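All of these numbers come straight from a predicted model, not from anything done at the bench. Each ligand, and each atom within it, is numbered from 1 in the order the structure gives.
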Amino acid sequence: MSRNQELFERAQRAIPGGVNSPVRAFRSVGGTPRFIERAEGCRVWDADGQAYIDYVGSWGPAIAGHAHPAVIKAVQNAAVKGLSFGAPTAAEVEMAELLCEMLPSLDMVRLVSSGTEATMSAIRLARGFTGRDAIIKFEGCYHGHADSLLVKAGSGLLTFGNPSSGGVPADFAKHTLVLDYNNVAGLEEVFAARGSEIAAVIVEPVAGNMNLIKPTAEFLHALRRLCTAHGTVLIFDEVMTGFRVGPQGVQGLFGITPDLTTLGKVIGGGMPVGAFGGRRDIMEKIAPLGSVYQAGTLSGSPVAVAAGLASLRLTREPGFYETLSARTTELVDGLLAAARRHGVTFSAQSVGGMFGIYFSEQCPDSFASVTAGNTDAFNRFFHAMLEAGHYFAPSAFEAGFVSVAHTASDIAETVAEADAVFAAMKA
Ligand SMILES: *Cc1c(COP(=O)(O)O)cnc(C)c1O
């Protein structure tokens with residue numbers, strides 16, 4: 001038995017499903033998850049000593065490559081001074097100032113320890129600020145696992161949602177309206193009917209949790225316009241896209257200023273850091289200034305903040321995003337050409353250092369169109385690539401991630417393997 005299998009068997013006895021976050025269990029692709037022992041640059045090594053070129057990057061944070069010396073050094077330097085104090089530190093001030101400088105929509109920001117905490121807190125804040133209860137989210141967007149966000153669509157456009165998870169009271173779900181991504185008409189209809197009840201709209205401005213789905217500019221501009229018109233707080237959930245699609249996230253790419261932004265993943269550089277921030281008049285409603293309670297024993301952990309600061313500084317080095325986009329584009333173009341050569345139904349696209357691959361004629365633009373793709377073909381591709389040492393996300397409904405540590409020759413290696421896999425799929 002391989003060490004991966006042995007660990008997975010032990011894991012399943014002690015941990016539900018053998019994992020601490022569901023997608024890691026390989027349920028949607030089948031097979032044995034790889035237990036990772038170490039990582040460096042664009043590669044990870046599993047418990048059996050097999051190396052992989054990694055396109056998950058810890059689901060985004062490893063944007064400068066795994067175990068980057070500057071990040072590791074910063075963590076070590078912080079750790080020897082003590083792990084946490086439950087009192088403010090200079091590093092948190094630096095981190096907050098840096099985030100506000102890098103994202104012009106942030107007047108103020110508060111640090112938390114995960115993306116889930118960031119979105120949950122942003123929604124509470126929006127509700128406290130507006131005095132309204134209802135929120136809008138979009139089908140297929142994931143915003144962490146807070147109760148009011150684990151909700152699926154109700155029976156009609158104007159009906160509130162139903163829980164999509166056990167343990168979520170219907171009474172919570174009924175405050176969440178779930179609409180279709182990129183559907184401007186649906187959005188307009190809902191705002192016309194109930195605009196004055198809606199505290200917030202939360203959106204992944206480029207969606208990355210139903211695979212990569214691009215927004216139309218019209219959709220994002222409609223969100224801004226309708227939220228402004230109805231006094232609704234617009235929350236861009238940039239936990240995945242922040243400092244991943246470009247130096248100012250999706251808001252920078254489209255020139256749209258959200259009222260609140262949630263961050264995570266990249267800003268922790270691999271350590272647990274999340275953040276939410278935005279308009280000063282809204283942020284001043286948080287305790288201790290205002291009535292909206294929010295707190296965290298380990299919020300702003302000095303070790304985690306050190307990793308985040310070091311990582312964010314790396315993204316500000318000249319040419320960082322040019323390199324990141326160039327490598328990601330090479331991967332997407334290479335995969336598209338290989339699939340075309342072998343007549344495999346396939347499409348792919350990228351935004352900055354994030355990409356989507358789809359076994360469908362065209363890149364999908366909604367939850368309905370992405371779920372219509374050929375998941376059997378994806379699963380074959382996934383396993384063949386994994387066997388050959390190329391680690392893609394273990395689900396057809398996840399985005400992929402490239403880092404600046406991926407070289408042109410690493411990408412070429414993956415593309416060459418994909419060419420062979422596509423040839424075998426067609427045979
Ligand atoms: C990952 C993610 C979250 C949740 O972050 P966690 O750190 O896993 O709690 C929220 N929103 C988006 C868009 C994400 O990609």
Residue [X] vicinity, atoms of ligand 1 by number, heavy atom under 4.0 Å:
X: H143; result: 10 (C), 11 (N)
X: Y142; result: 11 (N), 12 (C), 13 (C)
X: S114; result: 7 (O), 9 (O)
X: E204; result: 13 (C)

>> Are more than 12 heavy atoms, taken from residues, nucleotides or ligands other than F85, located less than 6.0 Å from that residue's CZ atom?
In response: yes

> Should D410 and R43 count as an ion pair when the cut-off is N to O under 4.0 Å?
Replying inline: yes

> Just one of H230, R225, R224 clears the side-chain hydrogen bond (donor to acceptor under 3.5 Å, both in side chains) bar with T228, so which one?
Replying inline: R224

>> Would you say atom 5 (O) of ligand 1 makes contact with the protein, given that contact here means a non-hydrogen protein atom less than 4.0 Å away?
In response: yes

> Using the ring of each side chain (for Trp, its six-membered ring), is F381 parallel, tilted or perpendicular to F359, with breaks at 30° and 60°?
Replying inline: tilted

> Going by atom types only, do H143 and D237 share a side-chain donor-acceptor pair under 3.5 Å?
Replying inline: yes

> Quick one: which of H145, K265, E117 has a heavy atom closest to atom 14 (C) of ligand 1?
Replying inline: K265

> Any N/O of D237 closer than 3.5 Å to an N/O of ligand 1?
Replying inline: yes

> Between N209 and ligand 1, does any nitrogen or oxygen pair lie at a separation below 3.5 Å?
Replying inline: yes

Residue, atom name and distance, where the atom is the protein heavy atom closest to [atom]:
atom: atom 3 (C) of ligand 1; result: V239 CG1, 3.7 Å
atom: atom 8 (O) of ligand 1; result: T116 OG1, 4.5 Å
atom: atom 7 (O) of ligand 1; result: G115 N, 2.8 Å

> Distance from K137 atom NZ to L150 atom CG, nearest 0.5 Å?
Replying inline: 8.5 Å

> Going from CE on M95 to OG1 on T89, what distance comes out if it is rounded to the nearest 0.5 angstrom?
Replying inline: 11.0 Å

>> If we check ring pair (Phe, Tyr, Trp, His ring centres under 6.0 Å) with Y181, which of these qualifies: Y142, F219, F367?
In response: F219

